[in-house]
Amino acid sequence: MMGLFGKNRDSEDEKLRKLIDYDPETQYAVIRSSICTGEKVAGFKNRKDGHFVEVMLIRTSQDEERFKRVFDLNDIKVEY
């Protein structure tokens, strides 16, 4: 699929998936949302120690859908 300015989004998605080491056994998907500014960041949180790995800024619903698509996710927990 071609994205903005003719960039190939499929290859960008593959690169993102390779860069981030996501293990569903030890991590779960989270969107951190600021109650003050409303800024949202998607990433993965370690189930044992709570360490958060930031993956991408969520500005639109399309960003959230891309995050779900790239990492093959159905549900994402939101934390404030």
Side-chain angles (χ1 to χ4, degrees):
M1 172 172 46
M2 292 300 263
L4 189 63
F5 306 115
K7 292 182 180 178
N8 188 341
R9 291 199 70 147
D10 291 336
S11 65
E12 289 179 15
D13 291 352
E14 290 172 18
K15 288 178 188 176
L16 181 61
R17 188 173 190 140
K18 288 178 185 177
L19 284 173
I20 305 298
D21 187 26
Y22 167 55
D23 179 9
E25 295 294 320
T26 61
Q27 297 171 309
Y28 60 94
V30 173
I31 292 180
R32 283 187 163 178
S33 182
S34 169
I35 56 174
C36 295
T37 64
E39 180 180 80
K40 295 181 180 181
V41 177
F44 300 106
K45 195 168 187 179
N46 187 297
R47 295 178 190 275
K48 290 183 182 178
D49 63 11
H51 176 75
F52 180 74
V53 176
E54 184 176 311
V55 176
M56 64 187 292
L57 182 64
I58 303 294
R59 293 187 181 130
T60 65
S61 58
Q62 289 85 5
D63 291 338
E64 186 174 337
E65 291 303 315
R66 179 177 179 220
F67 180 69
K68 288 179 179 180
R69 183 182 67 245
V70 168
F71 294 100
D72 196 28
L73 302 168
N74 294 321
D75 297 319
I76 302 175
K77 184 176 179 179
V78 178
E79 294 182 349
Y80 297 93

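On a predicted model such as this, the values are computed, not experimentally measured, just so you know. Any value given below was found using the heavy atoms of this structure, including those in side chains, with hydrogens, waters and symmetry copies removed.
Lys40 and Glu64 are not joined by a salt bridge, as no carboxylate oxygen comes within less than 4.0 angstrom of a charged side-chain nitrogen.
Atoms CD and CZ, on Glu54 and Arg32 in that order, are 8.5 Å from each other to the nearest 0.5 Å. Of the inter-residue distances, the one linking Ile31 atom CD1 with Glu79 atom CD reads 10.5 Å to the nearest 0.5 angstrom. Rounded to the nearest 0.5 angstrom, Gln27 CD and His51 NE2 are separated by 8.5 Å. From Arg69, atom CZ reaches atom CD of Gln62 across 10.5 Å, with rounding to the nearest 0.5 Å.
More than 12 heavy atoms of other residues, nucleotides or ligands sit less than 6.0 Å from atom CG of Asp49. The number of heavy-atom neighbours closer than 6.0 Å to CG of Asp23, taken from other residues, nucleotides and ligands shown, is above 12.
The cluster map of Ile, Leu, Val, Met, Phe, Trp and Tyr, joined by side-chain heavy atoms under 4.5 Å apart, puts Val30 and Tyr80 in different clusters. In terms of hydrophobic clustering, with Ile, Leu, Val, Met, Phe, Trp and Tyr side chains grouped at heavy-atom distances under 4.5 Å, Leu19 and Val53 are assigned to different clusters. Hydrophobic clustering, with ILVMFWY side chains joined whenever heavy atoms are under 4.5 angstrom apart, groups Ile35 together with Ile76. Clustering ILVMFWY residues whenever any of their side-chain heavy atoms sit less than 4.5 angstrom apart, transitively, puts Val70 in the very cluster that holds Met56.
The shortest distance between side-chain heavy atoms of Glu39 and Leu57 falls below 4.5 Å.
Taking each heavy atom of Val78 and Ser33 in turn, the nearest pair found is CG1-CB, 4.2 Å.
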For this session: Under the side chain to side chain contact (heavy atoms under 4.5 Å, CB included) rule, what do Leu73 and Tyr22 come out as? Steps first, then yes or no, please.
Result: CA-CA 11 Å; Leu73 302 168; Tyr22 167 55; 3.6 Å; yes
Exercise. Between Asp13 and Arg66, is a side chain to side chain contact (heavy atoms under 4.5 Å, CB included) present by the stated rule, with each step listed?
Worked result: CA-CA 8 Å; Asp13 291 352; Arg66 179 177 179 220; 2.6 Å; yes
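When the options Tyr28, Phe71, Phe52 are evaluated for a ring pair (Phe, Tyr, Trp, His ring centres under 6.0 Å) with Phe44, the one that passes is Phe71.
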